[in-house]
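Keep in mind that what you see is a predicted model, and the values were worked out from it rather than measured.
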Amino acid sequence: MRHRKSGRKLGRDSSHRKAMFRNMVTSLFEHGSIRTTDARAKELRGIADKLVTLGKRDTLHARRQAAKTVRSSEVLQKLFNEIAPGFKEREGGYTRIIKLGNRRGDNAPMSIIELMPAGAPDKKARRP
């Protein structure tokens with residue numbers, strides 16, 4: 001039984017999964033959006049949001065923590081100097097997932113994960 005076990009394995013061992021997500025989050029910050037499967041996008045969302053939160057802190061310790069995940073020093077600078085300052089007033093929800101349909105070859109559900117625009121409005125407040 002897998003009670004209280006979080007995260008998807010995606011058919012990979014832990015080192016391959018970690019390397020894949022490090023590459024994907026670096027590409028996401030470099031290009032702004034990437035096209036991938038739904039399951040990968042849902043797992044990537046948490047990693048990307050945590051890195052943007054580190055970028056909002058903008059301390060040396062936060063940079064070093066983010067450097068463990070982000071592969072490129074140029075992308076790391078872009079995260080701390082351009083991406084994170086745009087989300088200063090936003091409390092989470094830095095990415096969005098747009099469903100595309102199924103892939104032609106294997107019918108896998110595909111989606112685009114992208115960074116929210118910096119000036120985008122926050123989520124709507126609930127009505128009482």
Side-chain angles (χ1 to χ4, degrees):
M1 291 182 279
R2 61 179 314 273
H3 297 297
R4 298 181 58 127
K5 304 263 192 276
S6 64
R8 295 169 178 84
K9 292 192 178 182
L10 300 171
R12 289 155 173 79
D13 59 10
S14 60
S15 61
H16 185 182
R17 198 168 44 247
K18 183 178 176 183
M20 180 185 68
F21 282 127
R22 286 178 67 188
N23 287 329
M24 288 176 72
V25 78
T26 302
S27 295
L28 175 65
F29 290 142
E30 184 177 2
H31 301 293
S33 69
I34 56 173
R35 184 170 184 254
T36 184
T37 61
D38 284 351
R40 287 181 188 168
K42 288 176 183 178
E43 285 297 310
L44 183 64
R45 176 176 44 195
I47 298 168
D49 285 354
K50 284 176 186 166
L51 287 171
V52 172
T53 303
L54 283 175
K56 284 168 63 174
R57 261 197 258 160
D58 198 21
T59 61
L60 179 61
H61 183 57
R63 279 183 189 267
R64 286 178 175 166
Q65 284 180 313
K68 290 195 301 188
T69 305
V70 177
R71 297 244 182 199
S72 167
S73 60
E74 292 86 20
V75 175
L76 187 67
Q77 286 183 356
K78 181 178 179 182
L79 170 65
F80 277 84
N81 297 335
E82 298 172 23
I83 297 171
F87 293 119
K88 276 293 187 196
E89 286 81 35
R90 193 176 182 93
E91 297 284 331
Y94 310 117
T95 57
R96 68 174 156 210
I97 296 175
I98 301 168
K99 308 278 178 133
L100 293 177
N102 294 341
R103 185 163 51 196
R104 185 168 176 213
D106 60 355
N107 210 31
M110 298 297 288
S111 62
I112 292 176
I113 181 168
E114 63 185 11
L115 293 170
M116 293 290 288
D122 286 334
K123 297 175 185 173
K124 292 182 181 177
R126 287 187 174 183
R127 288 183 166 171

Output a table of donor-acceptor pairs, distance under 3.5 Å, between side-chain atoms of residues 20-35 and any protein atom two or more places apart or on a different chain; print 'none' if there are none.
{"residue": "R22", "atom": "NE", "partner": "K68", "partner atom": "O", "Å": "3.4"}
{"residue": "R22", "atom": "NE", "partner": "T69", "partner atom": "O", "Å": "3.3"}
{"residue": "R22", "atom": "NH2", "partner": "K68", "partner atom": "O", "Å": "3.4"}
{"residue": "N23", "atom": "OD1", "partner": "R71", "partner atom": "NE", "Å": "3.1"}
{"residue": "N23", "atom": "ND2", "partner": "A19", "partner atom": "O", "Å": "3.3"}
{"residue": "T26", "atom": "OG1", "partner": "R22", "partner atom": "O", "Å": "2.8"}
{"residue": "T26", "atom": "OG1", "partner": "R71", "partner atom": "N", "Å": "3.0"}
{"residue": "S27", "atom": "OG", "partner": "N23", "partner atom": "O", "Å": "3.2"}

Yes or no on side-chain contact (heavy atoms from CB on, under 4.5 Å) for I113 and R40, after CA distance, side-chain angles and deciding distance? CA-CA 10 Å; I113 181 168; R40 287 181 188 168; over 6 Å; no

CZ of R103 to OG1 of T37, rounded to nearest 0.5 Å, is 6.5 Å

Nearest 0.5 Å please: distance from the CD atom of E82 over to the CD atom of Q77. 9.5 Å

R8: what forms a salt bridge (Lys or Arg N to Asp or Glu O under 4.0 Å) with it, not counting sequence neighbours? E43

Can you name the salt bridge (Lys or Arg N to Asp or Glu O under 4.0 Å) partners of D49, sequence neighbours left out? none

Test side-chain hydrogen bond (donor to acceptor under 3.5 Å, both in side chains) applied to T53 - qualifying residues, sequence neighbours left out: none

Here the pair of heavy atoms bringing G55 nearest to A84 is C-CB, 3.3 Å

To the closest 0.5 Å, what do you measure between OG (S111) and CG (L100)? 6.5 Å

Under the salt bridge (Lys or Arg N to Asp or Glu O under 4.0 Å) rule, collect the residues that match up with K99, sequence neighbours excluded. D38

With rounding to the nearest 0.5 Å, note down the distance linking CG in L54 to CZ in R63. 11.5 Å

Least distance between heavy atoms, G7 atom then R2 atom: O-NH2, 3.4 Å

Considering all heavy atoms of both residues, which atom of Q65 and which atom of R57 are nearest to each other, and what is their separation? OE1-NH1, 3.9 Å

Does any part of the side chain of N102, heavy atoms only, come nearer than 4.5 Å to the side chain of P109, both counted from C-beta? yes

Taking all heavy atoms of A48 and all of T95, pick out the closest pair and write down the distance. CB-CG2, 4.1 Å

Test of understanding: clusters of I, L, V, M, F, W, Y form through side-chain heavy atoms closer than 4.5 Å, transitively. Do M110 and L10 belong to the same one? no

For the NZ atom on K50, are there more than 12 heavy atoms of other groups (residues, nucleotides or ligands in this structure) within a distance under 6.0 Å? no

Answer yes or no: are there more than 12 heavy-atom neighbours, outside R12 itself, under 6.0 Å from its atom CZ? yes

Separation between NZ (K42) and OG1 (T36), nearest 0.5 Å, reads 12.0 Å

Taking side-chain hydrogen bond (donor to acceptor under 3.5 Å, both in side chains) as the test, write out the residues that go with R96, two or more places apart. E114

